[in-house]
Amino acid sequence: MRTVAVVGASLAGLSAARSLRKQGYDGRLVVIGDELHRPYDRPPLSKEFLAGTVGEAELVLETDDEDLRAEWLLGVRATGLDRTERAIRFADGRELRADGIVVATGAAARTLPGSEGLAGVHVLRTLDDARSLRDELAGGGRLVVIGGGFVGAEVASTAYALGLDVTVIEAAPTPLAGPLGQTMGAIVSALHADHGVRLLCGVGVKGLSGERRVDAVLLEDGRSVPADIVVVGVGARPCVEWLEGSGIELDNGVKCGADGRTSLAGVVAVGDCANWYDPRAGVHRRVEHWTGARERPDAAVATLLAGGAVEPGVPRPPYFWSDQYGVKIQFSGHAAGADSVTIEEGTADERNVLAVYRRAGQPVAALGMNQPRLFTRWRKQLARTTS
């Protein structure tokens, strides 16, 4: 291959570029990003960066002495892929032909319909999002977080520590029930009540009120929650519209094999936009976690360079972490397939549990709350027993 293009310049794209050089590719390498920023770390955006304890320089993912010998096209948005010409089309009219392509365009935060142009309403996905929200939180006031997932919970925790009056609204009866299951989702989300943060569950949002600036969140049950600032944390959609009509199969992102290969030869996908096949469960999964964006590009790049001639290994169980109200939450595996969950160490009341999820008696996932040592052991055991 003379030219490889990595479309996406966040962690997954950077990891793919590193893997290309590490695995011996010495040709032309072009990294394309729609943001103007060089690759940066996203997890701190909802926590330390938002709190002001971490600056932008500390978010940089590249090391001072790192030289990938790459061409960086930043602030450029991909709008299409011509499979015949193997050309990536950009919004500014330019094209780039490439022999190999790594799709790493990530995901974008979902917005609340009708909130466009209303001041005080934020999403949190990018550095620019975080800058804007941080400036507003500095002024204090009443914050309403729509969505009780991990990003929403982290923003609520950070804002509480900054002294804001915080309310979290979650449409589901139990926050975090999707990734953690009902039982542990209830225990983890109880951290809000522990710290005086209001949590309204089982009610949808009808809309927002305010003329130029938001002043309240309107609920489906007729209630109105006053708000000076609103953060919408209702998930993300994979950024794959630019691939429509390219011949690449799309299904909740880019549909991939266990090695990241797509339905189009010479194209692999990684990161939040990639819907990889999970050989353990026999289904495709799109996993939006830092570790997946860091680790899986190695396999995808190996597949790309070998033309699909390598046998894919079994990826480690997904892992993610969250920091809320001073509690470190760690999770590995998949809760959805479990038929039981037991607390092995600690107590729910003290929020220091180590819980193990099992299916037919076999462990399939583990959750730790302020149990880093025990959790690490279980994470290693899960990797051994599910490989």
Side-chain angles (χ1 to χ4, degrees), residues 1 3-22 25 28-43 45 59-62 66 68 70-82 86-92 94-109 125-129 236-244 246 248-250 252-256 259-262 264 266-276 286-305:
M1 292 185 179
T3 300
V4 173
V6 178
V7 190
S10 193
L11 175 62
L14 176 63
S15 298
R18 286 169 169 166
S19 291
L20 282 159
R21 293 309 191 201
K22 182 174 62 178
Y25 175 71
R28 184 188 182 199
L29 174 58
V30 185
V31 182
I32 301 123
D34 61 354
E35 294 184 63
L36 290 170
H37 311 294
R38 299 281 285 214
Y40 59 87
D41 206 15
R42 293 184 190 273
L45 295 182
L59 299 178
V60 174
L61 288 171
E62 298 166 273
E66 187 168 23
L68 294 172
E71 300 172 35
W72 293 83
L73 300 181
L74 300 178
V76 177
R77 182 169 57 88
T79 57
L81 174 61
D82 186 325
R86 301 198 65 80
I88 302 163
R89 296 191 297 270
F90 301 117
D92 61 9
R94 286 184 291 170
E95 289 189 352
L96 173 69
R97 288 178 171 80
D99 306 296
I101 298 171
V102 179
V103 179
T105 40
R125 185 78 186 184
T126 69
L127 176 57
D128 291 336
D129 293 338
R237 56 170 183 79
C239 297
V240 295
E241 299 92 341
W242 68 284
L243 293 171
E244 292 176 359
S246 67
I248 293 178
E249 186 175 0
L250 304 177
N252 185 29
V254 180
K255 195 172 184 179
C256 308
D259 53 4
R261 79 177 73 187
T262 71
L264 189 60
V267 181
V268 296
V270 297
D272 292 357
C273 70
N275 189 8
W276 280 47
R286 189 170 65 84
V287 179
E288 297 181 23
H289 300 322
W290 190 95
T291 48
R294 172 63 188 87
E295 296 173 354
R296 292 194 173 186
D298 285 344
V301 164
T303 296
L304 180 67
L305 295 179

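Remember, it's a predicted structure, so these values are computed and weren't measured experimentally.
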Should [X] and [Y] count as side-chain neighbours, where that means a heavy-atom distance under 4.5 Å?
X: L96; Y: E71; result: no
X: Y25; Y: L304; result: no
X: L59; Y: H37; result: no
X: K22; Y: D298; result: yes
X: R86; Y: R97; result: no
X: L68; Y: L14; result: yes
X: L45; Y: D129; result: no

Could you pull out the closest heavy-atom pair between [X] and [Y], with the gap in Å?
X: R21; Y: L29; value: NH2-CB, 3.5 Å
X: V270; Y: P297; value: CG1-CA, 3.8 Å
X: D272; Y: R125; value: OD2-NH2, 2.5 Å
X: A299; Y: W276; value: CB-CH2, 4.4 Å
X: A9; Y: V31; value: CB-CG1, 4.0 Å
X: A16; Y: V301; value: O-CG2, 3.6 Å

Check step by step if side chain to side chain contact (heavy atoms under 4.5 Å, CB included) holds for L264 and L81. CA-CA 11 Å; L264 189 60; L81 174 61; 4.2 Å; yes
W290/L11 under side chain to side chain contact (heavy atoms under 4.5 Å, CB included): CA gap, chis, key distance, verdict: CA-CA 8 Å; W290 190 95; L11 175 62; 3.3 Å; yes
Answer yes or no: is there an ion pair linking E241 with R77, defined by an N-O contact shorter than 4.0 Å? no
Evaluate the side chain to side chain contact (heavy atoms under 4.5 Å, CB included) criterion for residues R38 and V60: first the C-alpha distance (whole Å), next the side-chain angles of each, then the deciding distance (0.1 Å), finally the verdict. CA-CA 8 Å; R38 299 281 285 214; V60 174; 6.0 Å; no
Taking the side chain from W72 and the backbone from G33, do they hold a donor-acceptor pair closer than 3.5 Å? no
Taking the side chain from D99 and the backbone from T3, do they hold a donor-acceptor pair closer than 3.5 Å? yes
Atom [atom1] of [X] and atom [atom2] of [Y]: how far apart are they, to the nearest 0.5 Å?
X: S15; Y: E295; atom1: OG; atom2: CD; result: 9.5 Å
X: L36; Y: L127; atom1: CG; atom2: CG; result: 11.0 Å
X: F90; Y: L73; atom1: CZ; atom2: CG; result: 6.0 Å
X: R286; Y: R237; atom1: CZ; atom2: CZ; result: 10.5 Å
X: I248; Y: K255; atom1: CD1; atom2: NZ; result: 14.0 Å

Please determine which of V240, L243, L250, V7 meets the side chain to side chain contact (heavy atoms under 4.5 Å, CB included) test together with C273. V240
Counterpart residues, side chain to side chain contact (heavy atoms under 4.5 Å, CB included), relative to S10 (two or more places apart): R42
Step-by-step side chain to side chain contact (heavy atoms under 4.5 Å, CB included) determination, V6 to L20: CA-CA 10 Å; V6 178; L20 282 159; 4.1 Å; yes
